[in-house]
Structures are given as structure tokens and as C-alpha cells.
Amino acid sequence: MRLWTIHPQYLDRQGLVALWREALLARAVLRGQTRGYRHHPQLERFLAHALPRCAISAYLAAIHAEATARGYSFDKSKIGPLRPVDPISVTADQVSYEWRHLLRKLSVRSRTLHRQWRAVRVPQCHPLFRSVPGPIEPWERERRGA
């Protein structure tokens with residue numbers, strides 16, 4: 001499971017569809033509707049939020065907005081109720097780590113997008129997140145080769 005901190009605008013089609021599915025799975029986990037993935041490290045930041053279910057709904061809403069802008073038809077009814085939520089802080093090194101991770105994926109899957117985005121040094125965060133100074137997040141499990 002990869003719940004990207006970076007803005008969904010940077011993802012290729014495959015990545016955006018996968019993010020939608022994985023965020024829906026995360027929503028099911030946060031609602032207690034599944035037995036699997038309950039302790040997945042990517043969920044820690046949502047579980048730490050004062051309103052975890054509202055936070056995942058806000059996360060899904062931004063993915064849906066990106067999909068709609070691209071002409072995809074993701075089912076908005078799967079998002080759930082939307083309420084204003086406080087942003088989740090994420091460290092700048094985490095954002096950089098994810099950015100390098102995505103660029104490696106795009107270099108294989110979508111050379112056009114890789115060329116488009118490789119000059120970006122500081123990518124935008126997903127609207128739910130705000131960047132703060134700091135090292136890679138402790139919940140990030142794929143730290144080798146960062």
C-alpha cells in the first residue's frame with residue numbers, strides 16, 4: 001500500500017488508479033470493515049489524526065478531483081461525508097523520498113511524465129498534507145536506498 005504524500009497530479013494513470021483503490025482500502029480499514037492491513041504503516045498518520053475517517057475522506061476527495069480533471073469516472077459516492085479537517089504534517093525529507101520513488105517508477109512506466117516532472121525539485125503535497133522540516137517519517141518502511 002502506498003498512500004502518496006505528493007499531489008496526485010504527478011501520478012501516471014496506473015498510479016492514480018492504484019492510489020484510488022488503495023485509499024479506498026485504507027478507508028475500509030479505518031472503518032473497521034476489514035481484518036487485513038489494520039497495522040499497515042502507511043495508515044499511522046491517518047490513525048494519529050483527530051478525525052481519521054474524515055481525513056481519509058478528504059484524501060480520497062483530492063484523488064477524485066484529479067481523476068475528474070483527467071476525464072476519469074471514479075465513483076464519488078465511495079468517498080463518504082466530507083468535513084473540513086486539519087492538515088497532516090509530513091516531513092520535507094519524506095516528500096523528497098516519495099518524489100524520488102515516483103520518478104524511478106515513472107522512468108520505467110511513463111517516460112513522457114518522467115521528462116515532464118524530473119526538473120521539479122520540490123513537488124506539491126497532496127492537499128491534505130503540509131510539509132514541515134524533518135527526516136523521513138518513522139512509518140516509512142522502504143527507507144533503504146533513499
Side-chain angles (χ1 to χ4, degrees), residues 1-110 113-114 117 120-146:
M1 179 185 292
R2 168 65 61 185
L3 298 172
W4 294 97
T5 303
I6 58 176
H7 198 288
Q9 71 182 341
Y10 300 116
L11 301 175
D12 59 345
R13 179 191 52 79
Q14 181 179 344
L16 188 64
V17 170
L19 179 60
W20 176 252
R21 284 192 322 262
E22 290 170 2
L24 288 172
L25 172 60
R27 187 187 67 148
V29 172
L30 294 173
R31 287 181 166 180
Q33 297 172 330
T34 181
R35 290 174 58 175
Y37 291 96
R38 288 183 301 174
H39 304 289
H40 198 285
Q42 289 278 326
L43 294 176
E44 288 180 21
R45 54 199 162 156
F46 290 94
L47 290 166
H49 194 280
L51 300 168
R53 292 180 182 183
C54 293
I56 197 66
S57 291
Y59 187 82
L60 280 160
I63 300 165
H64 182 269
E66 178 62 28
T68 300
R70 294 186 192 190
Y72 304 159
S73 56
F74 290 10
D75 185 355
K76 188 175 185 176
S77 71
K78 294 185 177 188
I79 295 173
L82 290 174
R83 291 196 277 174
V85 295
D86 290 332
I88 297 173
S89 295
V90 64
T91 61
D93 285 0
Q94 178 65 34
V95 174
S96 294
Y97 172 82
E98 289 186 24
W99 185 241
R100 290 188 307 274
H101 184 61
L102 177 62
L103 287 177
R104 283 191 300 272
K105 286 180 172 286
L106 293 177
S107 71
V108 174
R109 290 195 319 226
S110 177
L113 282 179
H114 182 262
W117 298 127
V120 172
R121 293 292 166 232
V122 181
Q124 291 179 3
C125 287
H126 180 289
L128 178 61
F129 298 104
R130 78 162 181 261
S131 181
V132 297
I136 294 174
E137 296 284 354
W139 49 257
E140 180 62 66
R141 301 297 189 241
E142 300 178 22
R143 296 170 71 138
R144 288 184 278 287

message: Give me the atom names and distance for the closest heavy-atom approach of A55 to I88.
response: CB-CD1, 4.5 Å
message: Is it true that, when you exclude R13 itself, more than 12 heavy atoms of the residues, nucleotides or ligands shown sit nearer than 6.0 Å to its CZ?
response: no
task: Grab the two heavy atoms, one from D86 and one from L128, that are nearest each other, plus how far apart they are.
output: O-CD1, 4.1 Å
statement: For H126 and P8, the nearest pair of non-hydrogen atoms, with its separation, is CD2-CD, 3.9 Å
- request: Classify the ring geometry between W20 and H64 as parallel (under 30°), tilted (30 to 60°) or perpendicular (over 60°).
  value: tilted
task: Side-chain contact test, heavy atoms from C-beta onward, threshold under 4.5 Å: evaluate it for F129 versus I6 and give yes or no.
output: no
- request: Heavy atoms only: give me the nearest I56-A23 pair and the separation to one decimal.
  value: CG1-O, 3.9 Å
Stepwise side-chain contact (heavy atoms from CB on, under 4.5 Å) test for L3 and R45: CA-CA 10 Å; L3 298 172; R45 54 199 162 156; 3.6 Å; yes
message: Could you check whether any side-chain N or O of W99 sits under 3.5 Å from a backbone N or O of V120, counting only pairs where one atom can act as donor and the other as acceptor?
response: yes
query: How far does CD of E22 sit from CD1 of I63, to the nearest 0.5 angstrom?
result: 9.5 Å
query: Are P127 and H7 side-chain neighbours, meaning at least one heavy-atom pair lies under 4.5 Å?
result: yes
- prompt: Run the side-chain hydrogen bond (donor to acceptor under 3.5 Å, both in side chains) check on D93 and T91 step by step: do they pass?
  reply: CA-CA 5 Å; D93 285 0; T91 61; over 6 Å; no
- request: Please name the pair of heavy atoms, one in V95 and one in S131, separated by the smallest distance, quoted to 0.1 Å.
  value: CG2-OG, 4.4 Å
- request: List in chain and number order the residues that pass side chain to side chain contact (heavy atoms under 4.5 Å, CB included) with S89, two or more places apart in sequence or in another chain; answer none if no residue qualifies.
  value: R130, V132
message: Measuring from atom CG of L106 to atom OH of Y10, what distance do you get when rounded to the nearest 0.5 angstrom?
response: 12.0 Å
Minimum-distance pair of heavy atoms, taken over all atoms of G80 and R27: N-NH1, 4.1 Å
message: By the definition side chain to side chain contact (heavy atoms under 4.5 Å, CB included), identify the one residue from L30, L51, L82 that meets it with S57.
response: L82
The single option from Q42, Q94, E98 passing side chain to side chain contact (heavy atoms under 4.5 Å, CB included) against E137: Q94
- prompt: Between the side chain of S107 and the main-chain N/O of R104, is any donor-acceptor distance below 3.5 Å?
  reply: yes
task: State, with a plain yes or no, whether a side-chain heavy atom of W4 is found less than 4.5 Å away from one of H101.
output: yes
field: Atom CZ of R83 with >12 non-hydrogen neighbours under 6.0 angstrom
entry: no
message: To the closest 0.5 Å, what do you measure between CG (L43) and NE2 (H49)?
response: 14.0 Å
- prompt: Going by heavy atoms in the side chains, are F46 and Y59 under 4.5 Å from each other?
  reply: yes
message: If you define the side chain from C-beta out and look only at heavy atoms, does anything of L103 sit under 4.5 Å from H114?
response: yes
- prompt: Quick one: CG on L16 to CZ on R21, what's the gap to the nearest 0.5 Å?
  reply: 10.5 Å
Nearest-0.5 Å distance that lies between atom CD in Q9 and atom CZ in R70: 8.5 Å
